[in-house]
2 protein chains.
Amino acid sequence: MLPNRGVALDSFRKPAFVKRMRDAKPNKEKSPKKPAAADRPVGVRRPDAARIPGASVHTSLASEIGLRIVRGDYPPGTILPNEAKWSETFSVSRSAVREAIKMLMAKSLLASRPKIGSWVEPKERWNLLDRDVLAWYATSPDREVFLKTVQEFRHIIEPEATAFAAMRRTDEQMAEISQACREMGEAASLQERTRADTRFHLAILRASGNDLLVPLGVLIESAFDHLFTYTTRAVDDLNHAQKLHEAIEKNIRLQRPDAARAAVRKLLANTDGVIRSR
Amino acid sequence: MLPNRGVALDSFRKPAFVKRMRDAKPNKEKSPKKPAAADRPVGVRRPDAARIPGASVHTSLASEIGLRIVRGDYPPGTILPNEAKWSETFSVSRSAVREAIKMLMAKSLLASRPKIGSWVEPKERWNLLDRDVLAWYATSPDREVFLKTVQEFRHIIEPEATAFAAMRRTDEQMAEISQACREMGEAASLQERTRADTRFHLAILRASGNDLLVPLGVLIESAFDHLFTYTTRAVDDLNHAQKLHEAIEKNIRLQRPDAARAAVRKLLANTDGVIRSR
DNA sequence: TTTATGTGTATTGTCAGACAATATTGCTTT
DNA sequence: AAAGCAATATTGTCTGACAATACACATAAA
């Protein structure tokens, strides 16, 4: 019943690579500390921690720890502070810590064993295509590099996905694509436009008929997220981009895979230009 | 600090789409039941559940529940039995159930709210490229379809990844690739060979210089996992496949992106043939 | 009747404290 | 010096309690 981790080869071994960095403190002593615990009444429960208003404790905790790991505070192989320590640091219960850690384990950022502790997994195991991990990852290096990586990935994926969509889309899927495209053109605000843009590309992925392509949508969302600041408001550019989108829509509608692929390549090249020129 | 879920557009709403299927029972009444609780002494703790010897309780639980979800026992939108129910069903503590559920939430299979319960997320949110989810997914439909999907994905990814590897690989990365290729040729058993084969392809992904390509290695692993049964033992085929691999290795070594890409396409076509002919 | 308001209640969220399982570490004995 | 053994630290698991939340229903007001 247990999923077959990796290939048959069960060369599973003790975490021999873990560096014994006991009671490891974060690398960079930027010390997140409590960013001024001012307007907080004394004696109240749950004093510090990176509490986020709307979110549950374990979710916030997972975000905080996950971010630190991805950011490189605890390099792969190091042993994290133990559960009691986290519990104390953030003034939360051990259960909350455990649930947070379980979330990070599910994303393959961590693994743990009794008497050893929890250590950071090697980077190539990280599930970088996970929404959260990607978001954390996006904050660490300068945006430039991240955006370039994502954009490169889009070049690999989207042309082919679109070609498949042109071959296999259902009428219903086509309707979604067309509507998103139309709404892009009619959008009043830039935000609304970006929204429709995202829907457009996600709909194409769904229409590709390959289930495995769908989860890559997070990359596109992330790209638009970070592209937003770059986006030019020049009307000419917007019109041009709109035409490129419409070309894609048309070729999918007419079921022309090759033309659709080419159209996507053009759009991506255009986006590349926007990034480069900034 | 909280990762920006999706694009800016916070059209976050109450789970309006959840079907109110209270105390939902699994769809298919295949009733996994306890598959004969024979050789188990009476009165012992933790009687049934899908306990897996080596694994922790919450991990086993997550596997069991995750498999059921992916398999379609609880379609997207349905509300799962509550924590107490699971706890009772599997005779484990509520904490264990919660930790398991947190793992599934981290993979976006579930979400939950107080007073509502936990519901299955829409399929397009599932993190299908996660190791575990992929493994569960691989068990559900017939292998044919799954393999075809994965293979199609490889056609999209690997040629481009290899071209990048040819351009950007370091000497160290090249050494890994070459060694894996060599070990493929020298492998004594089929299993050993598959092992090296996997390493070969993963090394190429790593050498591509695009961090986002690395996590896709799980797909390759999964492919080989399921391809294993198909693998022919005919010496001619093995020799042929080996030559194709060596061609790839050579073109990466000589830094010829286009030739490398073409070589990978050939190899994939060959693999396609193996699948089709079976 | 329709709309607002409050009240009950089921479910997850959080906490606290205990014990079990496990593997490292150092000590003891042969 | 080698082998076995005990001490110990850390995660794993269980139990029981209370808080927070938002649906559902009854009740009251317009």
Side-chain angles (χ1 to χ4, degrees), chain A residues 12-24 44-47 49 51-62 65 78-105 110-120, chain B residues 12-24 44-47 49 51-62 65 78-105 110-120:
Chain A
F12 191 87
R13 53 193 78 272
K14 302 134 205 165
F17 78 104
V18 302
K19 303 166 196 167
R20 308 227 113 266
M21 188 187 287
R22 209 46 88 104
D23 276 43
V44 82
R45 304 303 279 355
R46 192 170 310 128
R51 292 307 320 281
I52 288 121
S56 51
V57 172
H58 53 257
T59 304
S60 313
L61 251 186
I65 302 180
T78 48
I79 295 185
L80 293 188
N82 63 32
E83 295 173 350
K85 194 89 185 179
W86 287 119
S87 167
E88 186 193 350
T89 308
F90 291 111
S91 321
V92 298
S93 74
R94 207 187 134 209
S95 341
V97 173
R98 281 186 61 79
E99 287 175 11
I101 288 184
K102 287 297 162 296
M103 293 209 256
L104 298 178
M105 287 174 70
L110 290 183
S112 58
R113 294 267 193 91
K115 166 62 191 172
I116 306 273
S118 303
W119 62 89
V120 178
Chain B
F12 191 85
R13 54 193 76 272
K14 301 136 204 163
F17 79 104
V18 302
K19 304 165 196 167
R20 309 226 114 265
M21 189 187 288
R22 209 45 86 103
D23 277 43
V44 81
R45 304 303 278 0
R46 191 169 311 127
R51 291 307 320 282
I52 288 120
S56 52
V57 171
H58 52 256
T59 305
S60 311
L61 251 186
I65 302 180
T78 50
I79 295 186
L80 293 188
N82 62 33
E83 295 173 350
K85 194 89 184 181
W86 287 119
S87 168
E88 186 193 351
T89 308
F90 291 112
S91 321
V92 299
S93 74
R94 206 186 135 211
S95 344
V97 173
R98 280 185 62 78
E99 287 174 10
I101 287 184
K102 287 299 161 295
M103 294 209 253
L104 298 178
M105 287 174 69
L110 289 183
S112 58
R113 294 270 192 90
K115 164 64 189 173
I116 306 271
S118 303
W119 63 88
V120 178

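Model, not experiment: these values are computed from the prediction.
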Rounded to whole angstrom units, what separation is found between the [atom1] atom of [X] and the [atom2] atom of [N]?
X	N	atom1	atom2	answer
Lys102(A)	dT10(D)	NZ	C1'	12 Å
Lys85(B)	dT12(C)	NZ	C1'	17 Å
Trp86(A)	dT11(D)	CH2	P	11 Å
Ile79(A)	dA9(D)	CD1	P	15 Å
Leu110(A)	dG12(D)	CG	C1'	16 Å
Glu88(A)	dT10(D)	CD	P	13 Å
Ile116(A)	dA9(D)	CD1	C1'	10 Å
Ile101(B)	dT11(C)	CD1	P	13 Å

**Asked** Where each residue is assigned the nucleotide of DNA chain C containing its nearest heavy atom, which of Ala84(B) and Ser95(B) is assigned the position nearer the 5′ end?
**Response**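 Per heavy-atom nearest nucleotide, the more 5' residue is Ala84(B).
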**Asked** Quick one: does Thr89(B)'s side chain have a donor or acceptor within less than 3.5 Å of a partner on Lys85(B)'s backbone?
**Response** yes
Who are the side-chain contact (heavy atoms from CB on, under 4.5 Å) partners of [X], not counting sequence neighbours?
X	answer
Ser112(B)	Met105(B), Ser118(B)
Ala111(B)	Trp119(B), Glu121(B)
Ser93(A)	Ser95(A), Ala96(A)

**Ser112(B) vs dG13(C): side-chain N/O to OP1/OP2 distance below 4.0 Å** =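 Result: yes.
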**Complete:** Against the side chain of Asn82(B), the closest entry in dT11(C), dC14(D), dT14(C) is dT11(C)
**Message:** Measuring only between side-chain heavy atoms, which start at C-beta, is Val97(A) closer than 4.5 Å to Phe90(A)?
**Reply:** no
**Prompt:** Are side-chain heavy atoms of Glu99(A) and Glu99(B) found at a separation under 4.5 Å?
**Reply:** yes
Scan nucleotides 17-21 of chain D against the protein and return all N/O pairs shorter than 3.5 Å with their distances rounded to 0.1 Å.
residue, atom, partner, partner atom, Å
dA17(D), N6, Arg94(B), NH1, 3.3

